[in-house]
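Data first, discussion second: the structure below is written as structure tokens.
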Protein chains: 2
Amino acid sequence: MMDEPASIDPDAATVDALVQLSFLVIDELGRIAAAHDLSLTQVRMLGILRDRTPPMLELGRHLTLGKSSVTGLVARAEARDLVRRRPDDADGRGVRVGLTDGGRALAAAFTAEMTARIDALVAGLAPRDRDRLTGLAWQVLQRER
Amino acid sequence: MMDEPASIDPDAATVDALVQLSFLVIDELGRIAAAHDLSLTQVRMLGILRDRTPPMLELGRHLTLGKSSVTGLVARAEARDLVRRRPDDADGRGVRVGLTDGGRALAAAFTAEMTARIDALVAGLAPRDRDRLTGLAWQVLQRER
DNA sequence: TATTGTTATACTCTATAACTATA
DNA sequence: TATAGTTATAGAGTATAACAATA
């Protein structure tokens, strides 16, 4: 559930450790986001937009959100001058979303704080162990694509 | 941000891998929860209540939620017969929250599905690597207490 | 007075359905 | 007719402030 004691299943310890670590990491990200008055969804949106200016639907696909959810998300971010909506030149129905300078700065600030915080989390590990953890996490991620 | 490319910082790869893996794990848990019409918060609450019958404020402390948030959370779960509220014998102001049989069954079902899903995630790792990952995750968690 | 909990209120996030404008 | 997006509406989650009852 997230604070299970290890039990009969020999892999329960693995599940446990992974789930707890994941909650820890996501909580940290949420805390950093909240300090900037952002939700994790807003943060993810800013991250996506750093190297793209997608139409609304495509942005929604990246976030696994329906189009009306994206409308609201973008509207709130636009009200804070973090993103901008422009009509799509190629498609008269389309609207493309892009970062403003302020949005870009906020995304950069978040990334910096996130890196510092996660680095601090693994600071207790020996460099070799840090590399092992990175490699193992990567292996798990690779199989999920 | 969650899909950063590795870059200058030698530890960026570690941050990246950890954040992405965490989002993956939490997303999976969210999917399982959603399949049972539960939010992650509801799931966490059920997990906490498996071996406790705490007062509202204490439940809120476990979830890092304010008391009014807990009131709503518990009210919705109570409406679905997952939890029950009882006056606290020891404190006339207090209300204790506990699982119903249905809530307990749902918590157990969730745990089983979660274990299966996370096990599947790490199924690609050699047993020795799985143990290493578990140990490393644990090391990180230990230092955070 | 301090503490436990609920109520009132408000805002974000998400979803479904109906609607508009363009393709 | 199909697609891109918005609007209307509704429910969950969270927070703050005001309030009730008990300590």
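Within every chain, numbering begins at 1; the chains are lettered A, B, ... in the order of the sequence lines, protein sequences first and strands thereafter.
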Distance in angstrom units between B:Leu63 CG and D:dA12 P, rounded: 17 Å
Nearest-Å distance for atom pair CG/P, residues A:Leu59 and D:dG5: 10 Å
Euclidean distance, atom CZ of residue A:Arg31 to atom P of D:dA15 [Å, nearest integer]: 12 Å
Value in whole Å for how far the P atom of C:dT12 lies from CZ of A:Arg44: 19 Å
Over all atoms of both residues, closest heavy-atom pair of B:Leu106 and B:Leu38: CD2-CD1, 3.7 Å
Nearest-nucleotide comparison on DNA chain C, the residue closer to the 5′ end among A:Ala90 and A:Leu40: A:Leu40
ILVMFWY cluster, B:Leu57 and B:Val97 together (side-chain gap under 4.5 Å): no
Phosphate-side-chain proximity, A:Ser69 and C:dA15, N/O vs OP1/OP2 below 4.0 Å: yes
Shortest non-hydrogen contact from B:Leu46 toward B:Ala107: CB-CB, 4.1 Å
Distance in angstrom units between B:Met45 CE and D:dT14 P, rounded: 10 Å
B:Ser22 to B:Leu18 - nearest heavy-atom pair and separation: OG-O, 2.7 Å
Phosphate OP1/OP2 of C:dC13: any A:Arg76 side-chain N/O under 4.0 Å: yes
Value in whole Å for how far the C1' atom of C:dT14 lies from CG of B:Asp37: 13 Å
A:Arg86 CZ - D:dG5 C1' separation (whole Å): 18 Å
Non-neighbouring partners of B:Arg61 that pass salt bridge (charged side-chain N to carboxylate O under 4.0 Å, His left out), sequence neighbours left out: none
A:Pro54 to A:Leu49 - nearest heavy-atom pair and separation: CD-CD2, 3.4 Å
Residue pairs, two or more places apart or on separate chains, that pass side-chain hydrogen bond (donor to acceptor under 3.5 Å, both in side chains) and touch residues 29-43 of chain B: B:His36-B:Glu113
Base-contact (B) and sugar-phosphate-only (S) positions in nucleotides 1-9 of chain C, heavy-atom cut-off under 4.0 Å, - elsewhere: --BBBBB--
Nearest-Å distance for atom pair CZ/C1', residues B:Arg80 and D:dG11: 13 Å
A:Thr41 vs C:dC13: side-chain N/O to OP1/OP2 distance below 4.0 Å: no
